[in-house]
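Source: prediction; values computed, not measured. Residue numbers begin at 1 in each chain, while the letters A, B, ... track the order of the sequences.
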Amino acid sequence: MSDSPDETPAPSLDFVREKVAADVASGRYGGRVQTRFPPEPNGFLHVGHAKSIYLNFGIAEDFGGSCFLRFDDTNPETEDVSYVDAIQQDLEWLGVAPSGPVRYASDYFEQLYDWAELLITKGLAYVDDQDKETISEQRGGFGQPGVESPHRDRSVEENLRLFRQMRDGAFDDGARVLRARIDMQADNMWLRDPVLYRIRRVPHHRTGDAWCIYPTYDWAHGQSDAIEGTTHSVCTLEFTDHRALYDWCLDQLDLPSDRPEQTEFARLNLTHTVLSKRTLRLLVEQGHVDGWDDARMPTVRGLRRRGYPAAALRAFTDHISVAKTNSVVDIELLESFVRTHHNRHALRRMAVVEPLKLTITNWPVGADGTAHVEWMDVVNNPEDETAGTRSVPFCGELWIERDDFMADPPPKYFRLTPGREVRLRSAYFVTATEAVLDDEGNVVEVLATYDPTTQGGTAPDGRKVKSTMHWVSRPHAVDVTVHRYERLFRSKHPGADGNDPLDDRDPNSRITTLARAEPALGEVAAGDVVQFERLGYFAADLDDPAVFHRTVGLRDEWANIQKQR
RNA sequence: UCGCGGGUAGUUCAAUUGGCAGAACACCGGACUUUGAAUCCGGGGGUUGCAGGUUCGAUCCCUGCCCCGCGAACCA
């Protein structure tokens with residue numbers, strides 16, 4: 001491999017990678033780099049998680065380190081194995097492979113418990129008998145100090161005895177908690193004697209009935225990182241205030257000096273999109289979408305059904321980089337990465353989504369009275385010569401796009417209109433002669449003549465046409481169901497200004513039609529994405545390949561022209 | 001009210017850490033075109049939140065202010 005260092009300057013690193021690079025350079029952690037992706041198994045992954053996933057796995061890749069998958073399963077009330085499985089499937093689809101076996105915070109429950117006793121022994125934790133509301137009130141407020149619990153100064157022996165009784169099931173759910181003994185005056189609320197253990201008689205999806213006390217996030221997370229040997233514990237901004245507690249817990253445990261360091265970054269926000277678990281759940285529960293894997297959902301499963309390739313997701317997250325600034329990325333940027341990917345890889349096919357009859361009046365009829373059929377050679381992908389060509393049947397009875405004909409067009413309309421000649425892609429030049437109307441004046445059919453000398457789509461005399469249109473032979477058409485999607489939310493920032501995002505839903509976010517397509521569309525495999533020429537990229541449904549989801553439309557200059565009017 | 005984090009084109013990020021503020025997407029124009037796509041070329045866009053200070057020189061360092069976000073679960 002030859003490289004010329006002066007030519008391409010190294011791309012600037014994001015602030016997290018910069019930090020990692022500095023640690024590697026200084027020999028911290030012995031030059032080791034280890035990250036982790038720590039989902040709670042209580043919901044489906046969405047595009048925001050993808051950012052975190054590609055960040056954590058990407059860092060490990062870039063620095064020759066490892067990245068673990070660890071389920072933070074400390075709250076059995078909301079968690080379930082089904083999510084454990086779903087999350088692993090999604091990760092696989094995203095194209096990342098966790099280092100080593102899958103880990104669970106619940107694997108460390110025994111160690112966590114022992115450390116809690118150690119804390120008690122050191123006089124740094126105590127059992128509190130007060131209820132949730134009282135503890136919350138005593139926590140105080142911003143700018144006001146908290147009040148110490150009357151149980152704060154229990155003896156080590158009593159604390160140990162009570163804590164063991166908690167574990168043994170001597171108390172009712174919620175009756176007692178274990179609290180860290182830190183500082184009720186701290187500016188940082190998370191240092192005001194946070195709860196470390198709570199009593200919950202709920203079976204855990206992995207440990208079953210073995211425990212009736214469960215550690216909180218703050219008591220489990222940092223230690224799990226440390227147990228696994230994490231060096232860089234990357235999380236989102238809302239955990240910033242927890243970092244002091246993360247460090248405090250680790251500080252008390254006589255761990256090796258190279259304990260993990262938490263770094264926070266801004267989570268992903270997208271325009272016209274909601275990523276809050278609560279709202280996503282409501283969309284599903286209230287039936288506004290078909291499910292978590294509905295093609296309009298920003299979940300990994302939804303994007304997958306929609307036809308967003310994992311490679312585009314990754315290119316997108318690499319591009320937007322990572323920072324501490326709260327930001328909202330324009331969804332169009334994501335779409336642009338999706339288009340770029342499919343433009344290179346998707347086969348082109350012809351399908352008519354809003355069909356209108358086009359009849360060629362001078363098309364030859366065979367001796368037996370049936371219409372003549374000609375098989376046209378059509379390029380599969382102009383961006384990829386190796387994709388070859390296919391044969392598409394053509395005859396005098398066609399479907400064209402309703403938008404592609406106007407009896408009385410506005411200026412700059414290049415498509416079919418009475419008296420104008422256009423090209424039918426890879427077939428012939430045709431000239432519209434007449435629009436057939438129904439009783440209400442709607443165009444129901446267009447009559448046209450074709451020029452037999454323009455076979456394949458070029459005129460021997462060199463004359464040009466302004467427009468090329470897609471078409472489908474009526475006798476050969478296959479019917480497919482096509483879902484075209486609009487954004488789920490109309491406003492750029494749904495839920496801003498305290499509005500309920502659900503009030504901002506576009507009720508017509510899915511438009512479904514029966515499209516007419518060339519025969520080859522019947523052979524598209526489930527999950528494959530093809531370009532419907534001039535319309536956009538469409539993904540064959542994962543379960544039913546006769547159903548297509550519009551992944552994203554093509555750039556549409558004509559739409560821009562119309563918008564300007 | 002207190003603490004923490006943040007503020008650079010419309011948007012997301014850069015700016016070799018004090019040396020002519022750039023890129024991508026979006027937008028506009030042109031070329032090319034058997035997809036009004038793609039591709040290629042060009043263009044508009046900025047009081048670097050504001051005001052002072054240090055300096056030959058400040059997006060960068062200092063001071064004050066403003067605005068935005070997060071934080072008072074036995075959620076994560």
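Checked for salt-bridge contact, A:Arg154 and A:Asp129 meet the test: a charged N lies under 4.0 Å from a carboxylate O. A:Glu401 has no carboxylate O lying under 4.0 Å from a charged side-chain N of A:Arg415, or vice versa, which leaves the two without a salt bridge.
With 3.5 Å as the limit, one finds a donor-acceptor pair spanning the side chains of A:Asp218 and A:His242. For A:Gln531 and A:Glu533, the side-chain atoms include no donor-acceptor pair closer than 3.5 Å.
Put simply, A:Ser327 has a side-chain N or O that comes within less than 4.0 Å of OP1 or OP2 on B:C13. At the phosphate of B:G71, neither OP1 nor OP2 sits under 4.0 Å from any side-chain N or O atom of A:Arg139. Between B:A73 and A:Thr216, no contact under 4.0 Å exists linking OP1 or OP2 to a side-chain N or O. Residue A:Arg534 places at least one side-chain N or O under 4.0 Å from the OP1 or OP2 atom of B:G36. Between B:G71 and A:Thr240, no contact under 4.0 Å exists linking OP1 or OP2 to a side-chain N or O. A close approach under 4.0 Å does not occur between any side-chain nitrogen or oxygen of A:Arg278 and OP1 or OP2 of B:A76. Residue A:Asn326 places no side-chain N or O under 4.0 Å from the OP1 or OP2 atom of B:G7.
At a threshold of 4.0 angstrom between heavy atoms, the contacts of A:His242 include nucleobase atoms, whether or not backbone atoms are also involved. Using a 4.0 Å heavy-atom distance criterion, A:Arg192 is classed as making no nucleic acid contact. At a threshold of 4.0 angstrom between heavy atoms, the contacts of A:Leu237 with the nucleic acid are absent. Within 4.0 Å (heavy atoms only), A:Arg243 reaches no atom of the nucleic acid at all. Using a 4.0 Å heavy-atom cutoff across all strands shown, A:Lys324 reaches sugar-phosphate atoms only and no base atom. A:Gln130 comes within 4.0 angstrom of a base, heavy atoms only. Looking at heavy-atom distances under 4.0 Å, A:Pro382 makes contact with a base. Contact annotation for A:Arg344: no contact, since no heavy-atom pair falls under 4.0 Å across all strands. Heavy atoms of A:Phe239 sit under 4.0 angstrom from at least one base atom.
Residues A:Asp72 and A:Tyr217 are in side-chain contact: their nearest non-hydrogen atoms beyond the backbone lie under 4.5 Å apart. The shortest distance between side-chain heavy atoms of A:His49 and A:Phe44 does not fall below 4.5 Å. By the 4.5 Å heavy-atom criterion applied to side chains, A:Leu398 and A:Ile360 are counted as neighbours.
Interface remark: the A:Arg200 side chain does form a donor-acceptor pair with the B:C74 base, using a distance-only criterion of under 3.5 Å. A donor-acceptor contact under 3.5 Å is not formed by the side chain of A:His319 with the base of B:A23. The base of B:U35 lies close enough to the side chain of A:Gln531 for a donor and an acceptor atom to sit less than 3.5 Å apart. The base of B:G36 lies close enough to the side chain of A:Arg415 for a donor and an acceptor atom to sit less than 3.5 Å apart.
A:Asp241 places its CG atom 16 Å from the P atom of B:G69, with the value rounded to the nearest Å. Atom-to-atom, CD of A:Glu18 to C1' of B:A15 comes out at 12 Å; the value is rounded to the nearest Å. The distance from atom OH of A:Tyr214 to atom P of B:C74 is 18 Å, rounded to the nearest whole Å. As rounded to whole Å, 12 Å separates atom P of B:A76 from atom CG of A:Leu245. Atom pair A:Arg425:CZ and B:A38:C1' shows a separation of 11 Å (rounding to whole Å applied). Atom pair A:Asp187:CG and B:G5:C1' shows a separation of 15 Å (rounding to whole Å applied). One atom, CD of A:Gln262, and another, P of B:C4, lie 16 Å apart when rounded to the nearest Å. Nucleotide B:C40 holds its P atom 13 Å from the CZ atom of A:Arg555, rounded to whole Å.
Regarding the sugar-base torsion, B:U54 falls in the anti class, its angle being beyond 90° of 0. Base orientation for B:A38: anti, the chi torsion being more than 90° from 0.
For the P atom pair drawn from B:U12 and B:C75, the interatomic distance equals 34 Å after rounding to whole Å. Nucleotides B:G46 and B:U11 have their C1' atoms positioned 14 Å apart, rounded to a whole Å. Rounded to whole Å, the P atom of B:G44 lies 15 Å from the corresponding atom of B:G10. Between B:G19 and B:C62, the two P atoms lie 16 Å apart (nearest whole Å). Taking atom C1' on both nucleotides, B:U8 is separated from B:C67 by 16 Å, rounded to a whole Å. Comparing B:G45 with B:G7, their P atoms are spaced 26 Å from each other, to the whole Å. Of the C1' atoms belonging to B:C66 and B:A24, the separation is 31 Å, rounded to the nearest Å. Atom name C1', nucleotides B:U1 and B:G49: the rounded distance is 24 Å, in whole Å.
Judged by the 6.0 Å distance and 45° axis criteria, A:Arg36 is not positioned over the aromatic ring of A:Phe68.
Residue A:Asp330 places its side chain closer to B:U11 than to any other of B:A72, B:U11, B:C27.
A stacked arrangement is not assigned to A:Phe142 and the six-membered base ring of B:A72, the conditions of a centre distance below 5.5 Å and an interplanar angle below 30° not being jointly met. Under the stacking definition used here (centres under 5.5 Å, planes under 30°), the residue A:Trp558 qualifies as stacked on the base of B:G36.
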- Taking Watson-Crick and G-U wobble contacts under 3.5 angstrom, with | marking pairs to another strand and [ ] crossing pairs, the secondary structure of RNA chain B is written .((((((..((((.....[..)))).(((((.......))))).....(((((..]....))))))))))).....

